[in-house]
Amino acid sequence: GLIVVSSVIAALFYVFIGLIGRRLTRWSVEAGMGAAASMGTIPVSWSAGRAGSSRLRQVLGRSSSWVASIAFILVVWEGSLKLFNLGNYVAKGPLDVWDYLFSGPLASQNRDPIIGGLWTTLRDAGFGLIAGVVIGCLLAFVVVLVPRIESYVLSWGITLRVLPLAAVAPLIGAVFGRGLVAVLVVCAMISFFPTFVLMVGGLSSATPGSLALIRAYGGNRWKTMRKVQIPSSLSALFAALKIAGPGALVGALVTEWTVTGTGLGAQIIVASNESGFGLIWSSIVIAAVVSFLLFSLAGFGERVAAARGY
């Protein structure tokens with residue numbers, strides 16, 4: 001029952017993120033169409049006023065969408081507990097988690113191990129994410145410069161990506177030890193593939209006219225890459241981070257469960273052995289919220305890069 005409800009909550013967060021992405025995409029398209037239709041036909045003062053009103057509507061609409069989505073998740077979460085008739089001792093609802101973390105008499109004491117474990121997990125995931133993104137970007141640069149090796153790199157990337165994480169993590173721990181290096185390798189494996197695939201697409205998305213202009217002035221492959229292809233791939237980089245960031249966090253949690261014995265992942269395993277269900281549910285919620293924040297931060301960077309023409 002606990003696994004079922006946890007899976008439902010994770011799926012709802014995934015749906016929630018997808019809904020926000022579709023709403024933001026629709027708003028950006030509508031804003032672009034409105035701006036194109038108004039150019040040359042509406043006075044400047046009217047255009048500025050309508051642009052400000054449009055931005056206000058976007059902010060209000062985005063906020064109301066977030067509030068409605070969060071309310072929906074909480075209702076379904078609580079309703080799932082009632083539907084599966086799970087006891088309060090094992091299955092915790094939203095109010096139980098809130099009481100455990102914030103309003104209960106031991107809330108401060110309860111938060112301390114979660115915050116400490118979360119910082120360790122974020123550190124581990126951050127190092128692995130940086131390593132995976134750097135490797136993915138470098139290989140993407142090489143593939144764009146030497147296209148004939150793309151199939152070889154892609155086949156190895158797909159092989160690493162489809163390996164079951166829960167089975168691979170202990171093997172990596174056996175090879176690299178039960179420390180930070182093992183977490184870094186697992187998180188880098190998860191982060192590498194989406195970064196590589198999207199960066200190859202981003203680097204290849206430069207317009208032929210831009211490439212021809214650089215070459216007409218005598219630019220070599222490296223100068224073309226630096227002046228045109230890398231700037232045109234910034235949106236793709238942030239799109240990759242939207243996938244790689246939450247993925248690295250999951251990889252760090254799984255590796256902490258199975259290998260290192262540190263961080264938030266290890267605390268969840270210890271709590272399950274000690275029937276600390278309040279800690280388990282609170283840690284799951286915190287991890288889901290952090291994943292959403294990582295996704296949102298990368299999405300914000302993607303929108304800024306797109307708005308500036310990258």
Side-chain angles (χ1 to χ4, degrees), residues 2-17 20 66-67 69-78 80-81 86 88-129 165 183 186-187 190-191 241-300:
L2 180 62
I3 296 175
V4 172
V5 177
S6 301
S7 300
V8 169
I9 295 173
L12 288 174
F13 268 97
Y14 181 85
V15 172
F16 171 50
I17 292 172
I20 291 178
W66 290 349
V67 172
S69 300
I70 292 173
F72 175 74
I73 291 172
L74 295 178
V75 169
V76 174
W77 178 2
E78 187 67 32
S80 299
L81 301 181
L86 298 175
N88 187 60
Y89 176 72
V90 174
K92 305 297 182 181
L95 294 179
D96 298 320
V97 172
W98 180 267
D99 181 72
Y100 185 87
L101 291 175
F102 300 107
S103 62
L106 299 177
S108 178
Q109 181 178 339
N110 294 335
R111 285 195 306 269
D112 288 342
I114 295 178
I115 293 174
L118 178 63
W119 281 118
T120 301
T121 300
L122 288 176
R123 180 205 64 189
D124 297 346
F127 285 137
L129 175 64
L165 182 59
V183 188
V186 171
C187 295
I190 295 173
S191 307
L241 290 174
K242 287 164 62 175
I243 304 172
L249 181 64
V250 173
L253 288 170
V254 173
T255 310
E256 289 168 352
W257 291 340
T258 58
V259 179
T260 65
T262 59
L264 194 61
Q267 289 184 12
I268 293 175
I269 293 299
V270 173
S272 66
N273 295 330
E274 298 176 352
S275 300
F277 298 109
L279 176 60
I280 294 174
W281 281 88
S282 300
S283 299
I284 292 172
V285 171
I286 293 296
V289 170
V290 171
S291 295
F292 170 71
L293 292 176
L294 292 174
F295 180 93
S296 300
L297 184 61
F300 175 76

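Values below: all heavy atoms of this structure, side chains included; hydrogens, waters and symmetry mates excluded. Numbers for residues simply follow the sequence, beginning at 1.
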Contacts of [X] that satisfy side chain to side chain donor-acceptor pair (under 3.5 Å) - sequence neighbours left out:
| X | answer |
| --- | --- |
| T262 | T260 |
| E256 | T121 |
| S108 | none |
| D99 | S103 |

Practice task
Sequence neighbours left out, what passes ring-ring contact (aromatic ring centres under 6.0 Å, His included) with W98? Give chain and number order.
Solution key: F102
Please list, one pair per line, the donor and acceptor atoms closer than 3.5 Å that link side chains of residues 267-278 to other protein atoms, with sequence neighbours excluded.
unit_1	atom_1	unit_2	atom_2	d
Q267	NE2	P113	O	2.8
S272	OG	I269	O	2.6
N273	ND2	I269	O	3.3

Rounded to the nearest 0.5 Å, what separates atom [atom1] in [X] from atom [atom2] in [Y]?
| X | Y | atom1 | atom2 | value |
| --- | --- | --- | --- | --- |
| I190 | L165 | CD1 | CG | 4.5 Å |
| I243 | F295 | CD1 | CZ | 8.5 Å |
| L293 | L249 | CG | CG | 10.5 Å |

Not counting sequence neighbours, which residues clear side-chain contact (heavy atoms from CB on, under 4.5 Å) with [X]? List them please.
| X | answer |
| --- | --- |
| S282 | V97, Y100, L101, I114 |
| F127 | R123, L180, L184 |
| L74 | I70, W77, P94 |

Practice task
Can you run down the salt bridge (charged side-chain N to carboxylate O under 4.0 Å, His left out) pairs that involve residues 106-115, sequence neighbours left out, and say none if there aren't any?
Solution key: none
